[in-house]
Amino acid sequence: MKETDAIDKYITDHIDKEPEYLKALYRDTNVKLLRPRMASGHLQGRMLKMFVRMIKPKNILEIGTYSGYSALCMAEGLEDDGKIYTFEINDEQEDFTRPWFDNSAYKEKIKFYIGDALDLVPNIDVAFDLAFIDGDKRKYIEYFEMVMKKLNPGGYIIADNTLWDGHVIEEPNSNDYQTIGIKRFNDMISDDERVEKVILPLRDGLTIIRKK
């Protein structure tokens, strides 16, 4: 076992347990879906729930639903009147994900949309207190600018995958548009005076951003 694997196990052994429903979802994600690593998993899921507990948002925006693991974690942390609006661009994902929402204890807190968030979110009359960006890495800057228009002052954005397996410190190939997109996003955020920001080296990198 690699040292990092041992540390990961130590961490998950010493934090809140992964709920059985989420454990079943994570197994099903790994069995039935391509790229199961895209699911948040135990550690990141518990962290997302904790962020929601700390921030106490009324409305959460999620860009990139995938199997629904992260949305369920955030819904778990919401207060009774809270809502999460989650957007998945891949319509083939709906048959897998929607039943996991509908059969969960948090069904009433989750509004699940299929379509491009860049098209749909501007037409929703909701102001958000927290946004989780985990969609197409090539569009992170577009997502960010859209979210800023819908985010309340003092609201937070969590952007996933911002270290991108360490590729952010390499010179990407000219056709590696995802790495290029993440690097451009990171550079832009670092210079954006509208926000406070910090990168956490958790899993594939999480950038925590606060709108001033």
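- By the side-chain contact (heavy atoms from CB on, under 4.5 Å) test, L163 is found to be paired with V168, I199, P201, residues two or more places apart in sequence or in another chain being considered.
- A salt bridge (charged side-chain N to carboxylate O under 4.0 Å, His left out) check over residues 97-112, counting only residues at least two apart or in different chains, returns the pairs E94-R98.
- When the side chain to side chain donor-acceptor pair (under 3.5 Å) test is applied to D95, no partner is found at least two apart in sequence or on another chain.
- Applying the salt bridge (Lys or Arg N to Asp or Glu O under 4.0 Å) test to K32 and every residue at least two apart in sequence or in another chain returns D28.
- Looking at residues two or more places apart in sequence or on another chain, you find a side-chain contact (heavy atoms from CB on, under 4.5 Å) between N173 and N175, D176.
- Not counting sequence neighbours, the partners of Q93 by the side-chain contact (heavy atoms from CB on, under 4.5 Å) test are L33, Y66, E88, N90, F96, T97.
- Contacts of K211 classified as side-chain contact (heavy atoms from CB on, under 4.5 Å), with partners at least two apart in sequence or in another chain: M148, L151.
- Partners of Y113 under the ring pair (Phe, Tyr, Trp, His ring centres under 6.0 Å) rule, at least two apart in sequence or in another chain, are F87.
- The stretch residues 76-85 participates, sequence neighbours left out, in these salt bridge (charged side-chain N to carboxylate O under 4.0 Å, His left out) pairs: R46-E76, K49-E76, K56-E79, K58-D81.
- Not a single side chain to side chain donor-acceptor pair (under 3.5 Å) links Y156 to another residue, sequence neighbours left out.
- With sequence neighbours excluded, no residue forms a salt bridge (Lys or Arg N to Asp or Glu O under 4.0 Å) with E170.
- Sorted by first then second residue, the side-chain hydrogen bond (donor to acceptor under 3.5 Å, both in side chains) pairs that include residues 129-155, not counting sequence neighbours, are D129-N152, D134-K137, D136-R138, K137-Y140, K137-N161, E145-R194.
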